[in-house]
> 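Starting off with a structure, shown below.
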Amino acid sequence: MATNRELVRIIREYAELLKLEEGSPQAFRVRAYDKAADALGELVEPAAEMSIAELVKLDGVGKATAEKIQEYVATGSIAKLDALREKYPPSLVELTRIPGLGPKTVLLLRDKINVNNVAELKAALAKQQLRELPGLGAKSEAKIAKAIDRLGLHGKDRRSPIINVLPIAREVVEALREVPGVKQAEYAGSLRRFSDTIGDVDVLVAASKPGPVMDAFVNLPVVARVEAHGETKTTALTAEGLQIDVRVVAPGEFGAALLYFTGSKAHNIELRQLAIDQGWTLNEYELADVATGKSVAARTENAIYKALGLRFVEPELREGVGEVAAAAAGKLPRLVDVEDIRGDLHVHSTWSGDGRSSLDDMVRTASERGLEYIAMTEHAENLAINGLSREQVTEEAAELARLREAYPKLTILQGSELNIGPDGSLDYDHDFLMDFDWCVASVHSHFDLPQADQTARILTAIAHPAVNVIGHLTGRRIGKRPGIEVDVDAVFDAAAATGTALEINCHLDRLDVPADMLRRARERSDVTFVISTDSHHVNEFANLRWGVHNARRGWVQKKLVANTWPTHRFLEWARRKRDTARVG
DNA sequence: GCCGTTTTCGGCCCGACTGTTTTCAGTCG
């Protein structure tokens, strides 16, 4: 039975391929399928069990989508989707991820100069062939070349953005847990460490009999092609070309296997060295005494860490960057946890042009999720179409007053997500800004400025007394758009000096501030962070955990995350910067 | 493709900006 998640993935793929077919990402047919996928994503009951009549009652789902859903449920494929896949192979689709290359240009490249993948595009760039094409010039060539380089696209050994991989991995793990005889199933590898991009997915299963697991896996709908099908290990590819390895181990060896396949390689090497120091050996089956051959630990990761004299190291920390020494010294950071979070400080509603849930729904959902405080941060006036005029800000204030009465236990701040201009300037004016309870300032344009200019504009925004936090610092979209180049140490210094926080944005395709940048601040305790969902829909509050994972990967301590603080403490801190400026 | 209805088509959110070209494609939220 196809899950909703699987159907969402299929419909999204269809929409993605339609962009090429229609020649525009904005084509109404593309948007219609995207909207249908949204509707399925928000559905609680299984769409696979619904009739056509029931499906078309969903907002955004019509006859064509409903029939495609039923076709997929009945046959495991959609004829029109298969035809599109044939016409536009993944290597061609990948080209549309490069900023500056839309569907029209990609098809132009294919038809005029026979560019079908990243490798051929690179060759064409080297030969300066793009500038000969209509609508493209030397600047476009330079921009595209730089984007390819910074996105790490190489053609063959490409890695997939975590947002594409995580739903598939969860689908596989959940399905395998249902197989009779399976004791445990987890994904391991860089995905478990919560890396931004994933090479391939490693799934580990504890079961006494591997056969049924292997059979169940190759029959999963997500599996498009089986590369190798052995007794305890199977390798398969999805339709998008993502490799998934499933290994079955004995339940008594699950911990050792999970540890081994979670890595990182550098982390494992350090652990093995510690084992050797004790006269032991550590491999994917067990931690064992070399002399006697007797097993020391194998069933759980924790037992192995304990035997090695270490505290348990959370998967997000296992990068070989000092976590083993810290674990030995008992000096691992007290990382932030999902349960620690009390407020959400970056939330949109339909008042913003791109919001998809009403203000009432967003506030109600925040309350139902047990949040103690939220900041409604609609887009500001400089963002064409999406932003609120001053009059609208005043109108929303009245709505918020009404909601405060309806939800007395929830502290609701009126905020704004301001746009940081190329020179660091912000929306509205000084006095108007000072009247907000909470301001997020974010870069939404001019992603290509040199590093010095990017750093300067961020520092200018930080210096403004009304700016409480810098939103999604780099502006990156993982696998799609490189972030701005910015001197992150200078940003940390300025943030610390002014009492301005840095947001850790929870969207899976942002995860911004990136973990490697966060790690640069791990020795300092003067920088404050907030973990925000940047929700545009009620369902996106649940993205919180992704931001928390990313914060943990960046060694961010709970005590430095302002939205773990109790309401009174948080409010006091949030007011301080404005108040200081007023007095000064 | 979906929706709504004054029901069978017209509207769907779109203005600013860049690069390139002189009318348009792509990008941003």
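So that the names make sense, note that chain A is the first sequence line, chain B the second, and so on, each numbered from 1.
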> Indicate yes or no: at least one non-hydrogen side-chain atom of A/Arg356 is less than 4.5 angstrom from one of A/His348.
no
> Determine the interatomic distance between P on B/dT23 and the same-named atom on B/dC17; round to the nearest Å.
22 Å
> Any chance the side chains of A/Glu16 and A/Tyr88 put a donor and an acceptor closer than 3.5 Å?
no
> Take atom C1' in B/dG26 and the same atom in B/dT21, then report the distance between them in whole Å.
14 Å
> Would you kindly give the NZ-to-P distance between A/Lys35 and B/dG11, to the nearest whole Å?
17 Å
> Taking atom P of B/dT27 as reference, at what distance in whole Å does atom NE2 of A/His444 sit?
18 Å
> Would you classify A/Val30 as touching base, sugar-phosphate or nothing, given that sugar-phosphate means primed atoms plus P, OP1 and OP2, and contacts are heavy atoms under 4.0 Å?
nothing
> Out of B/dG29, B/dG19, B/dT18, which has the shortest distance to the side chain of A/Ser140?
B/dG19
> Please check if any side-chain donor atom of A/Asn386 sits under 3.5 Å from a side-chain acceptor atom of A/Ser352, or the reverse.
no
> Nearest heavy atom decides the nucleotide; on that basis, is A/Leu136 or A/Ala36 closer to the 5' end of DNA chain B?
A/Ala36
> Nearest-Å distance, OH (A/Tyr14) to P (B/dG1)?
7 Å
> Which whole number of Å gives the distance between the P atom of B/dC14 and that of B/dT7?
24 Å
> Please state how far atom CD in A/Gln392 lies from atom C1' in B/dC13, giving the value in whole angstrom units.
13 Å
> By a 5.5 angstrom centroid cut-off and a 30 degree plane limit, is there stacking between A/Phe28 and B/dC2?
no
> Is B/dT8 in the syn or the anti form, by the rule that syn lies within 90° of 0?
syn
> Parallel, tilted or perpendicular: which one describes the rings of A/Tyr33 and A/Tyr14, with boundaries at 30° and 60°?
perpendicular
> In whole Å, what separates the P atom of B/dG11 from that of B/dT5?
16 Å
> Whom does B/dT8 pair with, Watson-Crick or G-U wobble, provided both distances fall under 3.5 Å?
none
> What about A/Asn386, does its side chain sit under 3.5 Å from the base of B/dG29 through a donor-acceptor pair?
yes
> What is the separation between atom CG on A/Leu108 and atom P on B/dT20, rounded to the nearest whole Å?
14 Å
> On the ring face of A/Tyr373, is A/Arg342 found with NZ or CZ under 6.0 Å from the centre and within 45° of the axis?
no
> So what does A/Lys143 touch, heavy atoms closer than 4.0 Å: a base, only the sugar-phosphate, or nothing?
nothing
> Whole angstrom is fine here: how far is it from CG in A/Leu130 over to C1' in B/dT20?
14 Å
> For A/His507 and A/His346, I'd like to know if the aromatic rings sit close, meaning centre-to-centre distance below 6.0 Å.
no
> Any base atoms under 4.0 Å from A/Ser442, or only sugar-phosphate, or nothing? Heavy atoms, all strands.
nothing
> At less than 4.0 Å, is any side-chain N or O atom of A/Arg31 found next to OP1 or OP2 of B/dC14? Yes or no.
no
> OP1 or OP2 of B/dG29 sitting under 4.0 Å from any side-chain N/O of A/Arg356?
no
> Quote, to the nearest angstrom, the P distance that separates B/dG15 from B/dT8.
28 Å
> Hey, does A/Ala15 reach any base, or is it just sugar-phosphate, or nothing, if we go heavy atoms under 4.0 Å?
nothing
> Decide, for B/dT6, between syn and anti: a glycosidic angle within 90° of 0 counts as syn, anything else as anti.
anti
> Is a side-chain donor-acceptor pair under 3.5 Å present for A/Ser358 with A/Asp360?
no
> For the pair A/Ser349 and A/Glu378, evaluate side chain to side chain donor-acceptor pair (under 3.5 Å) and give the outcome as yes or no after the intermediate values.
CA-CA 7 Å; A/Ser349 74; A/Glu378 313 293 358; 2.7 Å; yes
> If you compare every side-chain N and O of A/Arg477 against the phosphate oxygens of B/dG29 (OP1, OP2), does one of them come in below 4.0 Å?
yes
> Could you tell me the separation between the CD1 atom of A/Ile69 and the P atom of B/dG1, rounded to a whole number of Å?
14 Å
> Just compare B/dC2, B/dT20, B/dG29 and give me whichever is closest to any side-chain atom of A/Phe447.
B/dG29
> For B/dT27, does either OP1 or OP2 sit under 4.0 Å from a side-chain N or O belonging to A/Ser445?
no
> May I ask you to test the A/Pro465-A/His430 pair for a side-chain heavy-atom distance under 4.5 Å?
yes
> Report the distance from atom CG of A/Asp59 to atom P of B/dG1, rounded to the nearest whole Å.
18 Å
> Please list, for nucleotides 24-26 of chain B, all pairs of protein and nucleotide N/O atoms separated by less than 3.5 Å.
residue	atom	partner	partner atom	Å
B/dG26	OP1	A/Lys104	N	3.0
B/dG26	OP1	A/Thr105	N	2.9
B/dG26	OP1	A/Thr105	OG1	3.2

> Side-chain N or O of A/Arg481 less than 4.0 angstrom from OP1 or OP2 on B/dC28?
yes
> Roughly how many Å apart are B/dC13 and B/dC9, using the P atom of each and rounding to a whole number?
22 Å
> Is it true that A/Ser442 and A/Glu417 share a donor-acceptor pair across their side chains at a distance under 3.5 Å?
yes
